Amino acid sequence: MLDPRLFRTELDFVKEQLNRRSFDFNPEYYSELEARRKDIQVKTQELQNERNSSSKAIGIAKAKGEDVQPLLDQVQHLGDELKAAETELSDIQSKMTALMEGIPNLLDQSVPNGKSEDDNLEISRWGEIPSFDFEPKDHVDLGAINKGMDFELGAKIASARFVVLNGPLARLQRAIIQLMLDTHTSEHGYSETYVPFLVNADSLRGTGQLPKFEADLFKANDDPALYLIPTAEVPVTNIVRDVIIDAKDLPLKFVCHSPCFRSEAGAYGRDVRGMIRQHQFEKVEIVQIVRPEDSAQAHEELTHHAEAILKKLKLPYRKMLLCAGDTGFSSTKTYDLEVWLPGQATYREISSCSNFKDFQARRLQARWRNPETGKPELVHTLNGSGLAAGRTLIAVMENYQDAEGRIRIPEALKPYMGGLEVIG
RNA sequence: GGAGAGUUGGCCGAGAGGCUGAAGGCGCUCCCCUGCUAAGGGAGUAUGGGUUUUAUCGCCCAUCGAGGGUUCGAAUCCCUCACUCUCCGCCA
């Protein structure tokens with residue numbers, strides 16, 4: 001959620017900034033709502049004040065043993081009037097909240113203009129694109145060998161867009177996850193957490209998935225409403241919901257492995273083949289909670305932490321700065337890391353690292369006590385995939401294949417593979 | 001799943017319809033005092049919101065697990081829900 005004060009003082013600026021995302025913001029509707037809100041809130045509070053002071057007077061009169069009937073007659077009319085005002089106020093406040101919760105974050109100055117992923121800006125490339133003296137297979141063909149990766153079985157057990165991994169490939173994915181967790185905890189200073197994979201609506205509202213993106217979620221229960229997490233970002237960032245953090249405890253850095261569940265309604269037709277876009281996938285997420293002045297620097301570092309995994313695995317990748325039109329709802333600035341997939345001869349997203357500044361923190365009421373002001377102030381939140389494990393598995397398979405369709409185990413993963421050097 | 005007991009400020013804990021946003025204690029901050037330390041004295045110490053933006057001051061509103069209700073008036077009475085603890089059952 002954006003700062004309501006910004007709307008009251010810089011309405012034109014807000015509209016202009018939201019335009020960069022092609023978000024159509026209607027300042028007239030906002031101003032009208034805000035004017036009514038003010039009007040009704042002031043009126044309601046005046047009535048409440050009147051009721052409170054009258055009631056107090058009755059209490060005092062009664063204590064003195066005076067006749068309170070005249071006073072009671074005086075407040076008679078207040079009840080209905082106040083109730084009507086309160087109803088009207090809560091009505092307009094929920095309209096206001098609905099409006100505000102549907103507005104995306106403002107973009108950082110450094111984010112380039114653009115409409116789609118085609119306008120994203122390439123920042124850097126790393127690694128050698130492998131050359132093969134044979135036609136490289138994609139992960140689906142490689143996985144079909146020994147039924148190590150079985151999409152039909154996934155469909156039988158669940159539905160389309162689920163997969164079953166068997167034997168060494170299942171272990172390889174686990175090895176990838178282990179490498180990521182170990183690297184982030186022992187080299188990058190993150191603290192490992194284990195969290196619920198079902199979350200309530202408040203948590204999803206806090207990180208920005210609700211109310212706007214319910215269609216992307218799997219709802220697992222109705223009363224109370226519980227949803228399968230689309231990313232560990234949700235439960236992990238909600239650790240600090242409604243918390244005032246001691247200044248000395250910042251930054252907080254969490255790493256968390258979890259399965260992720262995405263309904264991706266409407267996404268059918270894209271990436272139908274293989275493990276690129278699944279309803280369920282494994283991911284290691286890194287999350288930072290920082291002082292506002294530190295978030296830009298933290299964003300760079302967090303992205304480097306994700307890159308470090310690709311470097312350890314010697315997977316070629318490029319780093320993209322997302323353009324205005326491709327940057328997510330809650331983010332001010334996002335770097336995507338795209339790994340090279342020989343099977344598709346293209347770069348594909350494997351990590352997304354975002355700085356949300358105070359957008360999530362405001363929804364979460366996640367604050368820290370600023371020693372300079374002595375007051376609670378909003379923190380900044382950041383997160384990134386470090387990395388998506390399913391897609392990392394694909395990348396390892398495709399980049400480390402040989403002419404016979406076998407897969408060499410990258411050096412960094414060997415300690416986790418129990419002596420295995422080659423799969424297939 | 002069954003039975004019972006709880007949920008009050010950073011923490012402990014009083015309060016049982018009316019000058020209670022909440023006694024008292026602990027902690028913390030500032031000041032005074034005392035060779036040092038310890039002890040002592042004094043003051044302050046929730047959060048959100050409104051009041052044409054911000055800051056100061058003031059005034060006002062809301063909040064005693066959450067949401068409804070009764071009442072002129074609710075931390076206090078009633079209802080619903082959530083969570084915590086204890087015992088029993090069942091399990092990993």
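Just so we're on the same page: letters track the sequence lines, and every chain starts at 1. Predicted model, so just to flag it, every value in this text is computed and none were measured.
In this entry the distance linking CD of A:E86 with P of B:G68 reads 10 Å, nearest Å. Nucleotide B:G48 holds its C1' atom 17 Å from the CZ atom of A:R241, rounded to whole Å. Rounded to whole Å, the distance from CD on A:Q41 to C1' on B:U52 is 14 Å. Put simply, CG on A:L47 is 15 Å from C1' on B:A62, counting in whole angstrom units. Look at CD1 on A:I244: it is 16 Å from P on B:U45, rounded to the nearest Å. Straight-line distance from the CG atom of A:D202 to the P atom of B:G65: 18 Å, rounded to whole Å. Distance A:D242 CG to B:A82 P: 20 Å, rounded to the nearest Å. As a whole-Å value, the separation of A:R369 CZ from B:U47 P is 5 Å.
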Using a cutoff of under 3.5 Å, can you pull out all pairs of nitrogen or oxygen atoms linking the protein to nucleotides 18-23 of chain B, with atom names and distances?
unit_1	atom_1	unit_2	atom_2	d
B:G18	O6	A:K62	NZ	2.8
B:G18	N2	A:S55	O	2.7

List, with names and distances, any nitrogen or oxygen atoms from the protein found under 3.5 Å away from nitrogen or oxygen atoms belonging to nucleotides 53-61 of chain B.
unit_1	atom_1	unit_2	atom_2	d
B:C60	O3'	A:N49	OD1	3.2
B:C61	OP1	A:N49	OD1	3.1
B:C61	OP1	A:N52	ND2	3.1
B:C61	O3'	A:Q48	OE1	3.3
B:C61	O2'	A:Q48	OE1	2.7

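Atoms CD1 and CG, from A:I407 and A:N399 in turn, are 11.0 Å apart once rounded to the nearest 0.5 Å. Between atom CD of residue A:E233 and atom OG of residue A:S354 there is a gap of 7.5 Å, rounded to the nearest 0.5 Å.
B:G18 and B:C11 have their P atoms separated by 27 Å, with the value rounded to a whole Å.
In this structure the side chain of A:E46 reaches within 4.5 angstrom of the side chain of A:V42, judged on heavy atoms.
Remark: the A:Q48 side chain and the A:N52 side chain contain no N/O donor-acceptor pair separated by less than 3.5 Å. Between the side chains of A:K283 and A:T231, at least one donor-acceptor pair of N or O atoms lies under 3.5 Å.
In summary, A:R273 and A:D141 engage in a salt bridge, as defined by a charged side-chain N under 4.0 Å from a carboxylate O. Using a cut-off of 4.0 Å between Lys/Arg side-chain N and Asp/Glu carboxylate O, A:E411 and A:K414 are scored as salt-bridged.
Here the rule is side-chain hydrogen bond (donor to acceptor under 3.5 Å, both in side chains) with A:D108, and of A:K357, A:H299, A:K333 only A:K357 fits it.
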Using Watson-Crick or G-U wobble pairs with both distances under 3.5 Å, give me RNA chain B in dot-bracket, 5' to 3', with [ ] for crossers and | for pairs to another strand. ((((((((.[[[..)..(.....]]]((((((.......))))))((((((......)))))).[[[[[..)....]]]]])))))))....
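The nearest heavy atom of RNA chain B to A:L72 and to A:R37 marks one nucleotide each, and the one closer to the 5' end goes with A:R37.
Ring pair A:F329/A:F359: centre-to-centre distance below 6.0 Å.
When distances run from any side-chain atom of A:R367 to the nucleotides B:G48, B:A46, B:G50, the shortest one goes to B:G48.
Contacts of A:P224 with the nucleic acid, taken as non-hydrogen atoms under 4.0 Å apart, are absent.
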Go through A:R174 and A:Q178 one step at a time and tell me if the side-chain contact (heavy atoms from CB on, under 4.5 Å) criterion holds. CA-CA 6 Å; A:R174 175 161 62 88; A:Q178 299 267 74; 4.3 Å; yes
